[in-house]
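Quick note: residue numbers are just sequence positions, from 1.
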Amino acid sequence: MPDFKTLRIERDADQPRIARLLLNRPERLNAINDDTPREIRAAVEWANADDEVHVIVVEGAGKGFCGGYDLSMFGEGEIDHPCQQERHPWNPMDDYAFMKRNTEDFMALWRSPKPTIAKVHGAAVAGGSDIALCCDLLVMADDARIGYMPTRVWGCPTTAMWTYRLGAARAKQMMFTGNVIDGRTAAAWGLANESVPLDGLEAATMRLAERIAGVPRSHLAMHKMVVNQVMLTMGLEQTQQMATLFDGITRHNPEGLWFRRHAQEAGFKDAVQWRDSGRPIPEGDEARALIQAMEKRKGSSPKK
């Protein structure tokens, strides 16, 4: 089996037609680092190269599925990174290239000729929801949570899957509020295929996976291609281009820069509490004034 830093993939011990892809950074709630997107793509390629595998189950180790990007790296730290350039003028195309590559890596789950099932317990939030929603099917624990809180400030979901999975009205509700919903609500809205008590999640997921695994690989690939083509015809690729570009803007406009400066000064936990509480997010001139005050207190400003 391949050896990865952030995940594991192997055939199920009892049902070799099912591959189990385990996001495996439980100490960080399986948060996404620079290796994660590349390894997801490589794991999917491994499963597709194995003729015995018919379906891929994606799950998370520990307390949840995936808590999003590891923002201890990108949010609170001082590093100059392609997705948060502040020590030189922001280059939107460098940012776009970095994040578009991540989007394409996550979308390996969607492009895979073999069906993919996200098995979600705990949280699948922010970038973690991108991973879950790039899978073809979604099975959730009743008390699991899914959403994209950074739509309130400092983020735009680059895979743009919410509209295609939920429809316009529900997607707007999620994007405008940054709310999370539980598994029961996700199933009622049609986002999840099934929601079950946590202690029944494994059985429900494997019941679905085993049913799919009995279908010839060629048939699965053709059926998936037909459905995916509908989404492509609706403009999925163009929508993802716009969303990925907008994601960079949300991190570098006055509101996004305020959020990062607040995270650097008060800690990321405090910044997230502000974001998720429903308090108004400082914007425009107010945000600029707060940024200047925080940079003055710190005694530095971004390098030109």
For the residue pair [X] and [Y], establish whether any side-chain heavy-atom pair is separated by less than 4.5 Å.
X	Y	value
Val57	Thr205	yes
Arg20	Arg8	no
Ile117	Ile212	yes
His54	Val215	no
Ile32	Ile131	yes
Trp90	Ile249	yes
Leu191	Met174	no
Thr233	Gln229	yes

Flag yes if [X] and [Y] sit in one hydrophobic cluster, no otherwise; membership is Ile, Leu, Val, Met, Phe, Trp, Tyr, and two members link when side-chain heavy atoms are under 4.5 Å apart.
X	Y	value
Met206	Leu198	yes
Leu133	Met175	yes
Met149	Trp258	no
Val227	Leu166	no
Ile40	Val125	no

Exercise. How about Gln273: does its CD atom have over 12 heavy atoms from other parts shown lying under 6.0 Å from it?
Worked result: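 Yes - once you tally the heavy atoms of other residues, nucleotides and ligands closer than 6.0 Å, there are more than 12.
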
Exercise. Just wondering, are more than 12 heavy atoms of other shown residues or ligands nearer than 6.0 Å to CZ in Phe246?
Worked result: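 Count not over threshold, so no.
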
So, for [X] and [Y], which heavy atoms are closest and what is the spacing to 0.1 Å?
X	Y	value
Ala124	Ala132	CB-CB, 4.4 Å
Cys156	Thr250	N-OG1, 4.0 Å
Cys134	Thr159	SG-CG2, 3.7 Å
Val55	Ala209	CG1-O, 3.6 Å
Trp189	Gln173	CH2-NE2, 3.7 Å
Pro115	Asp136	CA-OD2, 3.2 Å

Check whether any side-chain N or O of [X] sits under 3.5 Å from a backbone N or O of [Y] as a donor-acceptor pair, and report yes or no.
X	Y	answer
Asn48	Val44	yes
Thr239	Ala160	no
Asn30	Phe65	yes
Glu194	Met140	no
Tyr164	Met231	no
Arg145	Val180	no
Asp182	Ala144	no
Ser277	Trp274	yes
Arg152	Thr177	yes
Asn33	Asp70	no

Look up atom [atom1] in [X] and atom [atom2] in [Y], then write down how far apart they are to the nearest 0.5 Å.
X	Y	atom1	atom2	result
Gln241	Leu236	CD	CG	10.0 Å
Glu39	Leu7	CD	CG	5.0 Å
Ile146	Asn179	CD1	CG	13.5 Å
Glu210	Asp14	CD	CG	8.5 Å
Trp110	Asn228	CH2	CG	3.5 Å
Lys114	Ile18	NZ	CD1	12.5 Å

For this session: For the pair Met242 and Gln238, evaluate side-chain contact (heavy atoms from CB on, under 4.5 Å) and give the outcome as yes or no after the intermediate values.
Result: CA-CA 6 Å; Met242 179 185 292; Gln238 292 80 5; over 6 Å; no

Problem set entry | N-O pairing of Arg261 and Glu295 below 4.0 Å |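 The answer is yes: the pair qualifies as a salt bridge.
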
For this session: Using the side-chain contact (heavy atoms from CB on, under 4.5 Å) rule, take Arg288 and Asp285 through it: C-alpha gap first, then chi angles, then the decisive distance, then the call.
Result: CA-CA 5 Å; Arg288 293 184 184 94; Asp285 289 343; 3.0 Å; yes

Exercise. Would you call the rings of His223 and His219 parallel, tilted or perpendicular if under 30° counts as parallel and over 60° as perpendicular?
Worked result: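 Answer is perpendicular, since the angle exceeds 60°.
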
For this session: Could you walk me through whether Arg38 and Asn102 pass side-chain contact (heavy atoms from CB on, under 4.5 Å), step by step?
Result: CA-CA 7 Å; Arg38 321 292 173 252; Asn102 286 1; 2.7 Å; yes

For this session: Starting from the C-alpha separation in whole Å, work towards a yes-or-no answer on side-chain contact (heavy atoms from CB on, under 4.5 Å) for Met161 and Ser129.
Result: CA-CA 9 Å; Met161 279 293 184; Ser129 69; over 6 Å; no

Exercise. Are Thr244 and Gln240 linked by a side-chain donor-acceptor pair shorter than 3.5 Å?
Worked result: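 No, no side-chain donor-acceptor contact under 3.5 Å.
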
